[in-house]
There are 2 protein chains.
Amino acid sequence: MTQPLHLSLAGQALDALRELVLTGEILPGARVNEVEVANRLGISRGPLREAIRGLAAEGLVELVPHKGARVPFADAAEVRALFELRTALECEAAKLAATRRTEQDLDRMRAVSKESRKNYHAGVKFPHRLDLAFHQALLEAARSPHIAEQVRLVQQKVILTRTGLPDDPQHQHGSLDDHDELIELIEQQDWEKAAQIMRRHLSRTCAQIIKSLPD
Amino acid sequence: MTQPLHLSLAGQALDALRELVLTGEILPGARVNEVEVANRLGISRGPLREAIRGLAAEGLVELVPHKGARVPFADAAEVRALFELRTALECEAAKLAATRRTEQDLDRMRAVSKESRKNYHAGVKFPHRLDLAFHQALLEAARSPHIAEQVRLVQQKVILTRTGLPDDPQHQHGSLDDHDELIELIEQQDWEKAAQIMRRHLSRTCAQIIKSLPD
DNA sequence: TAACTGCCAACTGTCGACAGTTTACAGTTT
DNA sequence: AAACTGTAAACTGTCGACAGTTGGCAGTTA
């Protein structure tokens with residue numbers, strides 16, 4: 001969907017701006033000053049404005065007439081709403097993955113799970129990066145590019161809900177077990193239970209994120 | 001998601017351009033000539049380019065470096081992929097609707113169904129407009145704005161797959177029965193069966209659209 | 001001191017122009 | 001006649017400048 005390796009300044013600006021928002025360098029509530037960001041990226045306002053439109057379409061900024069772009073806040077209700085969408089997408093992805101997975105797909109998922117456990121036992125908290133990697137591997141197995149793309153977008157918004165917050169509670173041990181259970185069910189092609197476990201997994205994740213939100 | 005009643009030229013251009021693409025005035029495969037369309041809309045290229053970026057994010061045009069925007073073709077495989085996404089979204093919506101529906105929601109859905117049957121018995125083919133209206137009413141009952149927005153986007157792309165084709169085969173009698181069955185199940189809050197019937201309904205619709213595609 | 005008003009700076013929205021790339025066409029060669 | 005090449009037109013990508021709006025600040029008045 002974002003295929004052609006954008007070499008245009010607008011394309012680069014889109015990537016750079018998305019990074020700025022997702023890393024919390026531009027915090028929720030902050031307005032995107034066009035001249036400032038344009039200078040920072042070393043480009044003019046034209047391409048930057050195009051990039052801002054792109055980010056707005058991804059939902060990472062809101063467009064307010066004559067006030068430009070603003071990174072949106074997200075409360076618990078918004079997180080719940082996002083997870084409703086994510087649940088719809090990833091439960092279906094789990095079903096499809098259970099139907100379509102190859103041995104390679106299973107290996108990829110197992111590899112991610114193994115690395116996660118290694119980190120966990122070494123005392124390192126389960127990094128968000130590896131959780132994303134697992135879901136990414138599952139989506140590859142599902143072979144539904146449109147669903148994968150939408151999951152990517154909603155994952156971004158979920159990340160945004162936690163930017164600027166003290167520190168990531170990370171996923172706990174339960175997530176690792178959920179992942180392994182999913183792998184097993186997908187291996188057995190039990191798509192019904194796979195969807196069920198995915199729903200439970202996302203429900204837990206959602207609850208944990210909401211719990212970590214400030215008041 | 002597209003909330004603030006865009007009064008900017010870029011916002012108006014986005015709406016106008018989307019209409020141009022969805023009505024088939026710009027056919028799949030055609031390139032969007034910036035100067036031509038800008039003149040046609042009576043604006044300069046700046047705002048138009050921003051609108052094009054917006055449309056690209058909606059998936060209604062593809063961006064090719066140094067060649068601008070092009071309305072994408074869609075083959076049977078693409079339609080199937082789109083309906084995988086739509087199934088994920090609308091089955092979950094059916095479940096949510098079955099859980100959350102009020103009497104008002106049910107009335108709205110029944111009203112749409114009634115009008116559809118009236119048209120059908122009067123010999124008028126089931127207009128696409130009313131099919132969209134039913135799904136819209138169901139999404140309102142589901143009360144999940146993010147899911148509703150994504151359904152809108154995917155519906156647009158589905159419409160796009162049929163632009164420029166001889167004539168719409170329309171939905172047949174089966175769809176009306178599906179709709180009524182869905183209403184009943186949602187009324188009874190039988191979310192499991194509602195999702196099941198929605199899946200069957202979308203599967204039928206998908207098959208019919210693919211059948212109507214050229215070669 | 002509080003509220004109101006008018007001005008000014010900052011920022012967004014828009015436009016026209018220039019530069020670099022692509023594409024089509026004409027001319028040339030084999 | 002077909003293929004190749006060079007050139008010119010067309011189009012996209014980018015920039016700088018101008019116009020209109022918003023928001024804050026100072027000055028004034030009650």
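All of these numbers come straight from a predicted model, not from anything done at the bench. Chain letters run A, B, ... following the sequence lines, proteins first, then strands; residues in each count from 1.
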B:R45 atom CZ is separated from D:dG13 atom P, nearest whole Å, by 8 Å
Does OP1 or OP2 of D:dC11 have a side-chain N or O of B:R31 closer than 4.0 Å?
no
Please report the distance, rounded to the nearest Å, between CD1 in A:I43 and P in C:dA19.
20 Å
note: B:L63, atom CG; D:dT12, atom C1'; distance rounded to Å ~ 11 Å
Contact nearer the 5' end of DNA chain C, comparing B:S44 with A:V32
A:V32
With B:E34, which of B:R53, B:R40, B:R45 fulfils salt bridge (Lys or Arg N to Asp or Glu O under 4.0 Å)?
B:R45
Per nearest nucleotide of DNA chain D, the residue lying toward the 5' end, A:H66 or A:G42, is A:G42
Using atom CD of B:E34 as one end and atom C1' of D:dA10 as the other, report the distance to the nearest whole Å.
12 Å
For B:N33 and C:dT22, what is the distance between atoms CG and P respectively, to the nearest whole Å?
17 Å
Base paired to D:dC4 (Watson-Crick or G-U; both N/O distances under 3.5 angstrom)
C:dG27
From CG of B:N39 over to C1' of C:dG16, roughly how many Å is that when rounded to an integer?
13 Å
Can you tell whether the side chains of B:E115 and B:K118 come within less than 4.0 Å, N to carboxylate O?
no
To the nearest Å, give me how far apart CD (A:Q12) and C1' (D:dG13) are.
12 Å
Is it true that B:E92 and A:R199 make a salt bridge, defined as a side-chain N closer than 4.0 Å to a carboxylate O?
yes
Any salt bridge between A:R100 and A:D105, counting N to O under 4.0 Å?
no
Rounded to whole angstrom units, what separation is found between the CG atom of A:L9 and the P atom of D:dG13?
11 Å
Nearest-nucleotide comparison on DNA chain D, the residue closer to the 5′ end among A:P47 and A:K67
A:P47
